[in-house]
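Notes follow the structure.
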Amino acid sequence: MQIDLSNKVALVTGASRGIGRAIALELAASGARVVVNYRSQQQQADEVVAAIEQAGGTATAVHADVAQPADIERLIKTTQETYGGLDILINNAGITRDNLLLRMKDDEWDAVIATNLRSVYQLTKAVLRPMMKARWGRIITITSVVGLTGNAGQANYAAAKAGLIGFTKSVAREMASRGITANAVAPGYVETAITDVLSDEIKATALANIPVGRLGQPDDISKAVVFLASDAAAYITGQTLAIDGGMTMY
Ligand code: NAP
């Protein structure tokens, strides 16, 4: 199936590395003009833009900390001013601040909720008007299988990721008649900086629970995201797609 996003503008939060990077590259390969948002890794974001341009695509890197409401406002405004619209929002930026609940500090809770959940509320709210005007829009939010199953040591992260699933369903219901779909993608264990820090023991246990028999790669996620962003997925909304090598089969 050929996916053509050549008239579309996409914003990918947290696209300087990992899953967001792969999504930005894949969207651009399908013809979308892409805003590559980053928080701290400007050089890596510039490299993503360079890779897209080298392949004949169009992209620009924009700094914004999605935990800061003023940054979100500027990010949306810059996207619209640069490319004249915003058709596809990929809520990807995310962090972990793991701790057992008994030891969890308020700032670990607050940081994860602000970056992983509140930002998605603000970003999504901000894109609805332009999408309603265009009578077309795609909102794709990267949640996690942890939002479905819970995980010891990740009460903050699981709460944020489960919140995103309920949020996505609500947005899908509110926007279904406007040509706007909202879906969530729940990766399992994908090899990125977020999982690099885990011990070999945790990685081995994860692997033993993945029927497909390997850890996920960013491309496993980006291919599905681009499909959900396309016209071919117009009848899919409010869903959470687990991409986890069969780990949860919820
Ligand atoms: P990663 O490699 O650590 O990359 C995180 C990205 O998010 C980076 O581009 C980072 O930007 C950006 N970011 C973090 N905080 C930000 C903020 N406040 N404002 C703007 N950007 C911010 O992580 P990843 O593994 O690719 O994860 C991407 C998404 O997938 C996250 O939502 C994560 O929860 C989810 N996920 C990952 C896995 C996995 O196994 N890897 C599994 C389930 C879900 P800078 O580099 O510029 O700081």
Side-chain angles (χ1 to χ4, degrees), residues 11-26 34-49 61-76 78-79 89-98 107 110-120 122-123 140-151 154 156-165 167-168 184-198 202-203 205-207 209-210 214-222 224-225 240-245 247-248:
L11 164 60
V12 186
T13 65
S16 49
R17 48 200 169 93
I19 293 170
R21 174 183 189 276
I23 294 171
L25 292 170
E26 197 73 36
V34 180
V35 169
V36 174
N37 160 247
Y38 68 96
R39 176 195 50 180
S40 58
Q41 303 298 319
Q42 179 173 4
Q43 196 184 329
Q44 292 194 50
D46 287 343
E47 281 167 18
V48 176
V49 169
V62 178
H63 170 265
D65 177 348
V66 298
Q68 304 297 330
D71 279 24
I72 289 185
E73 222 171 280
R74 182 174 44 77
L75 176 60
I76 300 288
T78 306
T79 303
L89 170 65
I90 312 293
N91 290 309
N92 167 78
I95 57 167
T96 51
R97 294 287 183 272
D98 296 353
D107 63 351
D110 290 342
V112 168
I113 297 300
T115 302
N116 296 12
L117 183 60
R118 197 189 62 207
S119 69
V120 173
Q122 285 168 336
L123 282 153
I140 299 161
T141 298
I142 309 303
T143 174
S144 167
V145 292
V146 167
L148 299 166
T149 63
N151 197 21
Q154 291 197 308
N156 49 359
Y157 186 77
K161 294 301 191 183
L164 292 176
I165 293 171
F167 176 79
T168 295
V185 168
Y189 187 116
V190 179
E191 286 192 288
T192 69
I194 253 184
T195 45
D196 272 356
V197 294
L198 300 176
I202 292 177
K203 286 182 191 173
T205 309
L207 188 56
N209 287 305
I210 300 172
R214 65 171 176 85
L215 304 178
Q217 296 301 318
D219 277 357
D220 291 315
I221 311 302
S222 62
V225 167
T240 299
L241 176 62
I243 305 178
D244 61 357
M247 195 163 70
T248 53

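Starting from 1, each residue takes its place in the sequence as its number. Read the numbers this way: they start at 1 and go in the same order the structure lists the ligands and their atoms.
Shown here for Tyr189 and Ile210, the closest heavy-atom pair between the two residues is CB-CD1, 4.4 Å. Closest non-hydrogen pair, Val66 versus Ala93, comes out as CG2-CB, 4.0 Å. The two atoms that bring Asp46 and Ala61 nearest to each other are OD1-CB, 3.8 Å, heavy atoms only. In terms of heavy atoms, Val185 sits closest to Ile243 at CG1-CD1, 3.6 Å.
Here Gln44 has no heavy atoms under 4.0 Å from ligand 1, in either its backbone or its side chain. When heavy-atom distances to ligand 1 are checked against a 4.0 Å cut-off, Ile95 comes that close only through its side chain, counted from C-beta outward. Here Val66 has heavy atoms under 4.0 Å from ligand 1 in both its backbone and its side chain. Residue contacts with ligand 1, taken as heavy atom pairs separated by less than 4.0 Å, involve Asp65 via backbone and side-chain atoms alike.
Closest to atom 48 (O) of ligand 1 among all protein heavy atoms lies Ser40 OG, 2.6 Å. Here the heavy atom of the protein found nearest to atom 43 (C) of ligand 1 is Pro187 O, 3.4 Å. The closest protein non-hydrogen atom to atom 24 (P) of ligand 1 is Thr192 OG1, 3.5 Å. Regarding atom 27 (O) of ligand 1, its nearest protein heavy-atom neighbour is Ile194 CD1, 3.9 Å. Given atom 44 (C) of ligand 1, the protein heavy atom at minimum distance is Thr143 O, 3.2 Å. Protein heavy atom in closest approach to atom 12 (C) of ligand 1: Gly14 CA, 3.4 Å. For atom 46 (O) of ligand 1, the nearest protein heavy atom (residue, atom name, distance) is Arg17 NE, 2.5 Å. The protein atom (non-hydrogen) at minimum distance from atom 31 (C) of ligand 1 is Asn92 O, 3.1 Å.
Counting atoms of ligand 1 from 1 in the listed order, those under 4.0 Å from a heavy atom of Tyr38 are 47 (O). Taking every non-hydrogen atom of Asn37 and a distance limit under 4.0 Å, the qualifying atoms of ligand 1 come out as 20 (C), 21 (N). Heavy-atom proximity to Tyr189, at under 4.0 Å, picks out these atoms of ligand 1: 40 (O). The Gln41 neighbourhood of ligand 1 comprises atoms 45 (P), 46 (O), 47 (O), with distances under 4.0 Å to a heavy atom of that residue. If you number the atoms of ligand 1 from 1 as listed, the ones under 4.0 Å from a heavy atom of Thr115 come out as 15 (N), 18 (N). Residue-ligand proximity, Ala93 to ligand 1, at heavy-atom distances under 4.0 Å covers atoms 7 (O), 13 (N), 21 (N), 22 (C), 32 (O). The ligand atoms of ligand 1 that sit less than 4.0 angstrom from a heavy atom of Ala64 are 19 (N), 20 (C).
The closest approach between any non-hydrogen atom of Lys161 and ligand 1 is below 4.0 Å. Contact analysis puts Gly188 in contact with ligand 1, with a non-hydrogen atom separation below 4.0 angstrom.
Note that CG of Asn91 is 10.5 Å distant from CG of Asn116, once rounded to the nearest 0.5 Å. Rounding to the nearest 0.5 Å gives a distance of 7.5 Å between CG of Leu164 and OG of Ser119. One finds the OG1 atom of Thr195 at 6.5 Å from the NZ atom of Lys203 (value rounded to the nearest 0.5 Å). The distance from atom CG of Asp110 to atom CD1 of Ile113, rounded to the nearest 0.5 Å, is 8.0 Å. Note that OG1 of Thr78 and NE2 of His63 are 11.5 Å apart. Values are rounded to the nearest 0.5 Å. Between the CG atom in Leu148 and the OG1 atom in Thr143 there is a gap of 6.5 Å [rounded to 0.5 Å].
When the options Gly18, Gly94, Gly20 are ranked by their closest heavy atom to atom 5 (C) of ligand 1, first place goes to Gly94. Summarising the contacts of atom 37 (C) of ligand 1 with Asp71, Val190, Ile19, the nearest heavy atom is found in Ile19. Considering each of Ile221, Val48, Ile142, the one bringing a non-hydrogen atom nearest atom 35 (C) of ligand 1 is Ile142.
When only interatomic distances are considered, the shortest N/O to N/O separation between Tyr157 and ligand 1 falls below 3.5 Å. Between Ser144 and ligand 1, no pair of N/O atoms sits closer than 3.5 Å. When only interatomic distances are considered, the shortest N/O to N/O separation between Ser16 and ligand 1 falls below 3.5 Å.
The backbone N or O of Asp65 lies less than 3.5 Å from a partner atom in the side chain of Asp71, making a donor-acceptor pair. With hydrogens and angles disregarded, no donor-acceptor distance shorter than 3.5 Å links the side chain of Thr115 to the backbone of Gly94.
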Do any side-chain atoms of residues 14-23 form donor-acceptor pairs under 3.5 angstrom with protein atoms, and if so which ones, sequence neighbours left out?
none

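The number of heavy atoms from other shown groups lying within 6.0 Å of CD (Glu73) does not exceed 12.
Screening Ile202, Asp196, Ile194 for a side-chain contact (heavy atoms from CB on, under 4.5 Å) involving Leu198 leaves a single residue, Ile202.
Residues satisfying the ring-ring contact (aromatic ring centres under 6.0 Å, His included) test with Tyr157, not counting sequence neighbours, are none.
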